[in-house]
There are 2 protein chains.
Amino acid sequence: MTDSTSQERFLQIGEAAERAQLTQRTLRYYEEKGLLAPPTRMEGGFRLYSPEDMERIERIRQLKELLGFSLAEIKEMLDAEDVRLQIRAGWRADADAAEKAEKLRRAREVTLHQIQLIDQKMAKMASMRDELAERIRKYDEWLLKHSEAAAANADAPQGEGTAAASS
Amino acid sequence: MTDSTSQERFLQIGEAAERAQLTQRTLRYYEEKGLLAPPTRMEGGFRLYSPEDMERIERIRQLKELLGFSLAEIKEMLDAEDVRLQIRAGWRADADAAEKAEKLRRAREVTLHQIQLIDQKMAKMASMRDELAERIRKYDEWLLKHSEAAAANADAPQGEGTAAASS
DNA sequence: TACCACATTGACGCGAACGTCAACGTTCAG
DNA sequence: CTGAACGTTGACGTTCGCGTCAATGTGGTA
């Protein structure tokens, strides 16, 4: 390691990949596909990922794993979203105000669409969860009925509640 | 159409695929991969899908699209689950009672695992939803700030609540 | 200055999940 | 009994999302 002084801000591809739980190949591939903007480099050419880059990478993972989008779809969304960065990075009253507003509306639309999709998925997942819980109940019924022996129950799914965990 | 008298019980591949929103190729592929048991056939060899088959097909879709499992994983789950059918279809006290119980426990375990996965996903999706809603708020802020003109708001995402819809 | 872990760019490979012919058989309405 | 619609089995093709070399360059430590 170059330095152990707590937190460094820029990561090279190795650590970046490790933290993001992806492979180096995958990161390069995302860059190649335009999902990630070419990150800054060291003189030698080594990639240096900024915290913003890391955020974006995490975003990609979420969109892919949670919502099941293809990389192409994700690219579109991120591109539309990028208006955010174009705003943060100073943008004065140089481009048409109308154009800005248009981009913002686009971004808003895309984001809203994602939310709606999440809602739909969550609804379906909830009802699927119910079905599964019902099945568990039936399994338990059968297991109790067909086994005279006594066995302590370990873990059963309760009615409502969500569990949160990172890694 | 062969018959328009309300509901037929068995569908051939064309209608089956249409109703399931899949292609015929996909159904055959699933069969080929062991995800679907070989359905009954007409004399000529045409596949006839029973309502149970259709249910199973729907199950596969859910596991794939909602939870993002691979077909191989889905096969495993369905195989484990199949104890359900083995029960429904008369099974007397011929096989070891112990063996039955073991299979049931397996099935229960698999199902429980699915539930846990759903819970995890839903938790993550909920937090992602929050982030997105926050972004929408910022977009609206900017849009209002940078546009003096008045514009009625159409649809904004509220705090909690899930929307349900089938097709 | 030498070393070694780490990185870079090609380029080819690969499994999953189907798409897409081609050649041929089946059903059924007319 | 004929024709159009529908289905069957191969078999090869395709896209996506990376994996896996190979040859070569970099960067910090000893």
Side-chain angles (χ1 to χ4, degrees), chain A residues 1-5 8 10-50 53 56-57 59-78, chain B residues 1-5 8 10-50 53 56-57 59-78:
Chain A
M1 282 102 186
T2 303
D3 191 36
S4 69
T5 18
E8 307 132 303
F10 284 73
L11 306 174
Q12 37 189 121
I13 202 169
E15 230 190 313
E18 197 174 5
R19 298 217 185 166
Q21 289 281 65
L22 295 171
T23 68
Q24 306 185 9
R25 176 68 174 97
T26 299
L27 291 184
R28 294 197 195 100
Y29 181 67
Y30 287 176
E31 183 182 341
E32 194 180 315
K33 289 281 153 178
L35 281 147
L36 254 46
T40 58
R41 306 262 188 150
M42 304 168 68
E43 288 91 66
F46 286 24
R47 267 164 267 244
L48 284 179
Y49 293 93
S50 72
D53 290 330
R56 193 185 176 92
I57 290 168
R59 249 345 272 309
I60 296 175
R61 268 193 44 147
Q62 287 181 42
L63 289 171
K64 192 170 134 51
E65 295 182 8
L66 263 76
L67 304 190
F69 288 120
S70 72
L71 296 186
E73 291 169 321
I74 294 174
K75 177 174 164 44
E76 276 195 66
M77 294 176 187
L78 293 183
Chain B
M1 283 103 187
T2 304
D3 190 37
S4 68
T5 18
E8 307 133 304
F10 283 73
L11 307 174
Q12 36 189 124
I13 202 169
E15 228 189 315
E18 197 173 7
R19 299 218 185 167
Q21 290 280 64
L22 296 172
T23 67
Q24 305 185 10
R25 177 67 173 99
T26 299
L27 291 184
R28 294 198 194 97
Y29 181 67
Y30 286 175
E31 183 182 340
E32 195 179 317
K33 287 282 152 175
L35 280 146
L36 255 44
T40 57
R41 307 263 189 151
M42 304 169 66
E43 287 91 65
F46 286 25
R47 266 164 267 245
L48 284 179
Y49 292 94
S50 73
D53 291 330
R56 194 186 177 92
I57 291 168
R59 244 354 268 307
I60 295 175
R61 268 193 43 148
Q62 286 181 43
L63 290 170
K64 194 170 132 50
E65 295 181 7
L66 263 73
L67 303 190
F69 287 120
S70 72
L71 295 186
E73 291 170 321
I74 294 174
K75 177 173 164 46
E76 276 194 66
M77 295 175 186
L78 292 184

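Hydrogens, waters and symmetry mates are skipped; everything else that's a heavy atom, side chains included, is used. Order of the sequence lines fixes the chain letters, A, B, ..., with proteins taken first and strands second; residue numbering starts at 1 for each chain. The structure presented is a predicted model; accordingly, all values stated were derived computationally and were not measured.
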DNA chain C contacts among residues 64-72 of chain B, heavy-atom distance under 4.0 Å: B:Lys64, B:Ser70, B:Leu71
Rounded distance in Å - CD (A:Glu43) to P (C:dT8): 14 Å
Any A:Gln24 side-chain nitrogen or oxygen under 4.0 Å from OP1 or OP2 of C:dA7: yes
Partners meeting side chain to side chain donor-acceptor pair (under 3.5 Å) with B:Glu73 (sequence neighbours left out): B:Ser70
Euclidean distance, atom CZ of residue B:Arg41 to atom P of C:dT26 [Å, nearest integer]: 13 Å
Atom-to-atom span, CD of B:Glu18 to P of D:dG7 - whole angstrom: 10 Å
Other residues, nucleotides, ligands: >12 heavy atoms within 6.0 Å of B:Gln21 CD: no
Whole angstrom value for the distance that separates P of C:dG25 from CD of B:Gln12: 19 Å
Which residues share a side chain to side chain donor-acceptor pair (under 3.5 Å) with B:Arg56, sequence neighbours left out: B:Asp82
B:Leu36 side, atom CG; B:Leu27 side, atom CG - distance, nearest 0.5 Å: 7.0 Å
A:Lys64 NZ to A:Leu22 CG distance, which is reported to the nearest 0.5 Å: 9.0 Å
For DNA chain D, the residues among residues 26-40 of chain B that have a non-hydrogen atom under 4.0 Å from it: B:Arg28
Integer-rounded Å distance: C:dA7 P and A:Leu11 CG: 11 Å
Whole-Å gap separating P (C:dC18) and CZ (B:Arg61): 11 Å
Whole-Å distance separating the CZ atom of B:Phe46 from the P atom of C:dC28: 9 Å
For A:Asp53 against A:Pro39, the heavy-atom pair lying closest together: OD2-CB, 3.9 Å
Pairing residues for B:Glu31 by the salt bridge (Lys or Arg N to Asp or Glu O under 4.0 Å) criterion, not counting sequence neighbours: B:Arg41, B:Arg47
Residues that B:Gln24 engages under side chain to side chain donor-acceptor pair (under 3.5 Å), provided they are two or more places apart: B:Arg28
Distance in angstrom units between A:Met42 CE and C:dC6 P, rounded: 14 Å
Nearest-neighbour nucleotide for the A:Arg25 side chain, D:dT8, D:dG28, D:dC18 considered: D:dC18
Contacts of type side-chain contact (heavy atoms from CB on, under 4.5 Å), residue A:Phe46, not counting sequence neighbours: A:Gln12, A:Met42
